[in-house]
Amino acid sequence: MRTGLAVWIFAWGSAAAGRAEIIRFDSTMPGSLPPGWSVVITHAGGSPKWEVRQDSSAPSKPNVLAQTSADGTRFPMAVLNTASYRDVEVSVKFKTVAGKEDQAAGVVWRYRDPRNYYLVRANALENNIVMYKVQDGKWAALPPKGRPPRTNGVRHRIPPRTWSILKVIFKKSRFEVYFDHRKIFEAEDSTFSQAGKVGLWTKADSVIYFDDFQISGK
């Protein structure tokens with residue numbers, strides 16, 4: 001059944017079995033922010049612009065959620081405020097559209113405030129996927145399991161202007177990252193162990209389109 005915010009389905013027998021919420025942005029008027037979402041400004045003076053847009057290439061037509069400002073705002077985020085999650089699976093389809101400095105799209109989880117959260121992001125200019133912990137505003141890359149402590153993510157081609165899927169499964173202190181259904185790496189960290197909000201992230205002048213934001217689990 002379609003609601004103003006999402007489509008609800010039920011998934012059985014998966015690693016994160018239980019209810020799944022898929023937010024497709026199709027019932028929101030273009031030019032506005034979807035209900036239940038808020039824009040987070042992490043640096044004073046920036047002007048991120050998140051809005052629903054029509055896109056004929058959208059995985060689920062007609063709309064996407066887009067970060068359209070290219071003014072160099074450091075870390076524009078859109079946070080879903082309707083619930084908090086501790087151990088679930090979050091995925092999103094994204095397409096990089098533009099960006100000279102960066103073309104980065106990310107998923108945020110266990111979000112507390114603009115200075116405390118986890119993040120995994122894929123960058124089409126750097127062709128890598130990196131997981132971060134942001135604690136008290138300080139950034140630290142979380143090294144992939146089995147690699148040296150200072151390893152900064154993994155190299156992986158991120159095709160520009162192409163729809164891809166970024167997914168993270170988080171359970172207790174263990175995090176698994178997938179790109180286009182392929183497992184890329186695992187990481188561990190116990191800094192933020194309580195439930196938190198989830199959301200979307202971009203960087204600097206990245207113009208990114210998002211669709212089919214899905215949260216699966218109990």
Side-chain angles (χ1 to χ4, degrees), residues 5-6 11 14-23 25 34 36-42 48 50 65 67 74-94 104-123 128-145 152-154 156 164-203 206 208 210-218:
L5 179 63
S14 67
R19 188 173 61 186
E21 176 185 2
I22 306 176
I23 302 175
F25 311 112
W37 292 78
S38 62
V39 174
V40 175
I41 300 175
T42 58
W50 290 86
L65 177 61
Q67 200 297 119
R74 294 312 301 170
F75 308 115
M77 284 191 283
V79 175
L80 181 63
N81 295 309
T82 55
S84 291
Y85 306 89
R86 183 173 183 268
D87 297 321
V88 293
E89 170 184 313
V90 178
S91 67
V92 71
K93 296 174 184 175
F94 74 93
V107 173
V108 170
W109 70 98
R110 293 189 188 160
Y111 172 93
R112 296 182 179 182
D113 56 53
R115 294 170 56 83
N116 296 277
Y117 56 90
Y118 288 116
L119 159 75
V120 63
R121 67 100 178 107
N123 192 312
N128 61 14
I129 301 173
V130 185
M131 184 181 296
Y132 294 97
K133 170 183 67 177
V134 182
Q135 184 179 18
D136 297 329
K138 298 179 180 179
W139 287 67
L142 298 179
K145 191 174 181 179
N152 193 27
V154 299
H156 196 283
S164 303
I165 303 173
L166 182 63
K167 179 173 73 174
V168 60
I169 299 174
F170 48 101
K171 184 176 182 181
K172 297 183 179 179
S173 62
R174 180 179 175 181
F175 313 131
E176 299 179 0
V177 177
Y178 295 76
F179 187 82
D180 284 344
H181 305 295
R182 175 189 172 190
K183 185 175 179 179
I184 304 300
F185 66 88
E186 297 180 16
E188 291 190 7
D189 188 80
S190 58
T191 302
F192 305 129
S193 60
Q194 301 302 311
K197 296 175 183 177
V198 295
L200 300 170
W201 177 99
T202 69
K203 181 183 178 184
S206 302
I208 311 291
F210 297 93
D211 201 4
D212 293 351
F213 184 74
Q214 180 168 324
I215 306 158
S216 304
K218 297 179 179 180

Could you tell me whether the side chain of Asp212 and the main chain of Val92 form a donor-acceptor pair under 3.5 Å? no
According to the interplanar angle, ranging from 0 to 90°, do the rings of Tyr118 and Phe192 count as parallel (below 30°), tilted (30 to 60°) or perpendicular (above 60°)? perpendicular
Using the six-membered ring wherever Trp is involved, compare the ring planes of Phe210 and Phe94 and label them parallel, tilted or perpendicular (cut-offs 30° and 60°). tilted
Is [Y] close to [X] at the side-chain level, that is, under 4.5 Å between some pair of heavy atoms?
{"X": "Leu65", "Y": "Pro34", "answer": "yes"}
{"X": "Asn116", "Y": "Asp136", "answer": "yes"}
{"X": "Tyr132", "Y": "Asn152", "answer": "yes"}
{"X": "Gln67", "Y": "Ser206", "answer": "no"}
{"X": "Trp139", "Y": "Phe75", "answer": "yes"}
{"X": "Leu200", "Y": "Ile208", "answer": "no"}
{"X": "Ile215", "Y": "Trp109", "answer": "no"}
{"X": "Arg121", "Y": "Val130", "answer": "yes"}

Salt bridge or not for Asp87 and Arg110, using N-O below 4.0 Å? yes
If you measure from [atom1] on [X] to [atom2] on [Y], what distance do you get to the nearest 0.5 Å?
{"X": "His156", "Y": "Asp180", "atom1": "NE2", "atom2": "CG", "answer": "7.5 Å"}
{"X": "Gln214", "Y": "Lys93", "atom1": "CD", "atom2": "NZ", "answer": "8.5 Å"}
{"X": "Lys167", "Y": "Arg182", "atom1": "NZ", "atom2": "CZ", "answer": "14.0 Å"}
{"X": "Met77", "Y": "Lys203", "atom1": "CE", "atom2": "NZ", "answer": "13.5 Å"}
{"X": "Phe185", "Y": "Phe175", "atom1": "CZ", "atom2": "CZ", "answer": "11.0 Å"}

Closest non-hydrogen atom pair between [X] and [Y], with its separation:
{"X": "Trp201", "Y": "Ala104", "answer": "CZ3-CB, 3.8 Å"}
{"X": "Ala187", "Y": "Pro143", "answer": "CB-O, 3.8 Å"}
{"X": "Tyr117", "Y": "Leu119", "answer": "CE1-CB, 4.0 Å"}
{"X": "Ile129", "Y": "Ala122", "answer": "CG1-CB, 4.1 Å"}
{"X": "Leu166", "Y": "Ala105", "answer": "CD2-O, 3.8 Å"}

Within the 6.0 Å centroid threshold, strictly below: Trp37 and Phe213: yes
Checking Val40 against Val108 for the side-chain contact (heavy atoms from CB on, under 4.5 Å) test, could you report, in this order, the C-alpha distance in whole Å, the side-chain angles of both residues, the deciding distance, and whether it holds? CA-CA 12 Å; Val40 175; Val108 170; over 6 Å; no
Does Lys183 have more than 12 heavy atoms from other residues, nucleotides or ligands lying within 6.0 Å of its NZ? yes
Mind running side-chain contact (heavy atoms from CB on, under 4.5 Å) on Lys172 and Arg86 for me, showing each step along the way? CA-CA 7 Å; Lys172 297 183 179 179; Arg86 183 173 183 268; 4.1 Å; yes
Would Asp211 and Phe25 count as a side-chain contact (heavy atoms from CB on, under 4.5 Å) here? Give the steps. CA-CA 7 Å; Asp211 201 4; Phe25 311 112; 4.0 Å; yes
Does Phe170 form a side-chain contact (heavy atoms from CB on, under 4.5 Å) with Val88? I'd like the steps, not just the answer. CA-CA 6 Å; Phe170 48 101; Val88 293; 3.4 Å; yes
Determine whether the side chains of Ser91 and Glu89 contain a donor N or O and an acceptor N or O closer than 3.5 Å. no
